[in-house]
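Chain naming here is simple, since letters A, B, ... match the order of the sequence lines and numbering starts at 1 in each. FYI, side chains are in, hydrogens and waters are out, and symmetry mates aren't considered; it's all heavy atoms of this structure.
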Amino acid sequence: MRIATWNINGLRARLELVKRWLIERQPDVVGFQELKTLTEEFPHDAFLEIGYHALVHGEKAWNGVAILTRAPAELVQTGLPGETGFGSRLLTARIQDLEFTTVYCPNGKTLDHADYQRKLAWFESLTTHWQHLERSAAAVLCGDFNIVPTPLDSWQGKKADGEIFHTVAERERFSALMGTGLTDLFRHHAPDEQAYSWWDYRGGAFHKRQGLRIDLILGTRAVRDRLESIYIDREYRKKQGDLTASDHAPVVAVIK
DNA sequence: ATGGCTCTCGCGGAGAGA
């Protein structure tokens, strides 16, 4: 079973590239973030034509998450309880024995912005919510976390410590979430590999290998024990003809 | 380095992203 996460930075701007990726990579379950599309304007037909059903939690212009699956999935949760006023950022589906959640975590903007404190609170709500779920089950929590877990996950290494995405407070919230019994599947599979999932559009950051690893697939023990491989799909960070790329690459995990 | 690209809204320029 192939599962994936991808912040696509606008579904309308990315539709043709996303379809190409689905056809080429053939994932079984995918979480998308940053749809920037209303739920009722989601192009279900375009995905059904290539064999994917979608559950959608959209919003006008901003945020928005979706889960695509080969077979129709059961909707479990729409929105993070207690935080629904902070954008459409969480969606959970059940696919056979797998509980699959995708999140678009808040950015926070700057350390002195009100959204930074809201970001920290949002993560606390996420951890509380996650604790209420049945943990012995196979569950995945994937998406754009907007936190760089460790210096190894930043092109600047320790030099970025203290900056937004790299603060002690953010990493404490992330550690608390992981403490509910989750494993960062990429880091589990490649403990020492410096790899990124996001690169700034500007200044040739992608080609200069100046990125951050903020797009993660987290799994419970049951999922971790079934992990076969996981990779960051850098090919789809590249422009393809006249199709522009997202500033994030997809992350794909293969589960036995 | 002080947002150097890209997206959206909506029709001009601004806000947001990370």
Side-chain angles (χ1 to χ4, degrees), chain A residues 5-18 21 31-43 56-66 85-90 102-120 122-123 126 142-171 173-174 194-216 232 234 236-251:
Chain A
T5 182
W6 193 7
N7 178 323
I8 58 174
N9 186 22
L11 179 57
R12 275 171 303 225
R14 212 68 61 218
L15 183 58
E16 291 309 312
L17 190 68
V18 165
W21 177 77
F32 286 137
Q33 305 87 40
E34 277 209 89
L35 305 181
K36 301 184 177 180
T37 302
L38 286 163
T39 300
E40 54 268 37
E41 292 181 359
F42 188 90
V56 182
H57 182 33
E59 181 184 335
K60 184 181 177 71
W62 310 114
N63 309 314
V65 286
F86 202 9
S88 300
R89 298 180 180 274
L90 182 145
T102 194
V103 285
Y104 175 50
C105 303
N107 175 300
K109 296 189 176 71
T110 58
L111 299 189
D112 60 355
H113 196 284
D115 280 5
Y116 176 69
Q117 295 301 327
R118 292 185 79 189
K119 175 183 189 175
L120 299 179
W122 192 91
F123 269 94
L126 178 60
C142 68
D144 174 359
F145 284 79
N146 276 327
I147 292 177
V148 176
T150 73
L152 183 60
D153 302 308
S154 175
W155 68 277
Q156 298 186 93
K158 290 185 177 183
K159 285 201 294 288
D161 284 356
E163 295 178 6
I164 186 86
F165 288 43
H166 309 70
T167 65
V168 170
E170 288 166 301
R171 285 173 170 162
R173 297 329 186 267
F174 183 72
Q194 193 161 25
Y196 313 124
S197 65
W198 171 88
W199 298 260
D200 200 308
Y201 279 124
R202 294 157 299 175
F206 179 71
H207 297 288
K208 290 192 275 191
R209 302 183 180 278
Q210 298 178 345
L212 305 175
R213 193 175 71 90
I214 54 176
D215 299 275
L216 311 175
I232 298 171
R234 296 178 77 261
Y236 274 83
R237 178 59 180 78
K238 301 173 184 174
K239 188 175 182 180
Q240 296 196 7
D242 59 349
L243 300 180
T244 56
S246 170
D247 43 358
H248 298 251
V251 184

Heavy atoms only, 4.0 Å cut-off, all strands: where does Asp200(A) land among base, sugar-phosphate and nothing?
base
Scan Asn7(A) against the nucleic acid and name what it touches under 4.0 Å (heavy atoms): base, sugar-phosphate only, or nothing.
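Here Asn7(A) touches the backbone only, sparing every base.
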Would you kindly give the [atom1]-to-[atom2] distance between [X] and [N], to the nearest whole Å?
X: Ile147(A); N: dG17(B); atom1: CD1; atom2: C1'; answer: 16 Å
X: Ile164(A); N: dG17(B); atom1: CD1; atom2: C1'; answer: 12 Å
X: Glu34(A); N: dG15(B); atom1: CD; atom2: P; answer: 18 Å
X: Ile214(A); N: dA18(B); atom1: CD1; atom2: C1'; answer: 6 Å
X: Asn107(A); N: dG15(B); atom1: CG; atom2: P; answer: 16 Å
X: Glu163(A); N: dA1(B); atom1: CD; atom2: C1'; answer: 13 Å
X: Lys119(A); N: dA16(B); atom1: NZ; atom2: P; answer: 15 Å
X: Trp198(A); N: dG17(B); atom1: CH2; atom2: P; answer: 13 Å

Quick one: stems involving DNA chain B, counted as three or more successive Watson-Crick or G-U pairs, both distances short of 3.5 Å.
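Listed by first number, the stems are B:5-9 with B:13-17.
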Please determine if a side-chain N or O atom of [X] lies less than 4.0 Å away from the OP1 or OP2 oxygen of [N].
X: Lys109(A); N: dG17(B); value: yes
X: His248(A); N: dG17(B); value: no
X: Tyr104(A); N: dA18(B); value: yes

Pair of N/O donor and acceptor under 3.5 Å linking dA18(B) base with Asn146(A) side chain:
no
Salt bridge check: are Asp200(A) and Lys208(A) linked by an N-O gap of less than 4.0 Å?
no
For Arg12(A), which residues count as a salt bridge (Lys or Arg N to Asp or Glu O under 4.0 Å) partner, sequence neighbours excluded?
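Arg12(A) satisfies salt bridge (Lys or Arg N to Asp or Glu O under 4.0 Å) with Glu41(A) only.
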So, using salt bridge (Lys or Arg N to Asp or Glu O under 4.0 Å) as the criterion, who are the partners of Arg118(A) when residues are at least two apart?
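Applying salt bridge (Lys or Arg N to Asp or Glu O under 4.0 Å) to Arg118(A) gives none.
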Provide a list of protein-nucleic acid N or O atom pairs under 3.5 angstrom, restricted to nucleotides 6-9 of chain B.
residue	atom	partner	partner atom	Å
dC7(B)	OP1	Arg14(A)	NH1	3.1
dC7(B)	OP1	Arg14(A)	NH2	3.4
dC7(B)	OP1	Thr244(A)	OG1	2.8

If you round to the nearest 0.5 Å, how far is CH2 of Trp198(A) from CZ of Arg213(A)?
15.0 Å
NE2/His166(A) to CD1/Ile147(A) distance, rounded to the nearest 0.5 angstrom?
11.0 Å
Could you tell me which residues satisfy side-chain hydrogen bond (donor to acceptor under 3.5 Å, both in side chains) with [X], sequence neighbours excluded, listed by chain and number?
X: Lys109(A); value: Asp115(A)
X: Gln156(A); value: none
X: Trp21(A); value: Asp233(A)

So the salt bridge (Lys or Arg N to Asp or Glu O under 4.0 Å) pairs with at least one residue in residues 236-250 of chain A (sequence neighbours excluded) are Glu235(A)-Lys238(A)
Between [N] and [M], how far is it from one [atom1] atom to the other, in whole Å?
N: dA16(B); M: dG10(B); atom1: P; value: 15 Å
N: dA18(B); M: dA14(B); atom1: P; value: 22 Å
N: dG13(B); M: dT2(B); atom1: P; value: 26 Å
N: dG12(B); M: dA1(B); atom1: P; value: 37 Å

Contacts of type ring pair (Phe, Tyr, Trp, His ring centres under 6.0 Å), residue Phe42(A), not counting sequence neighbours:
His44(A), Phe47(A)
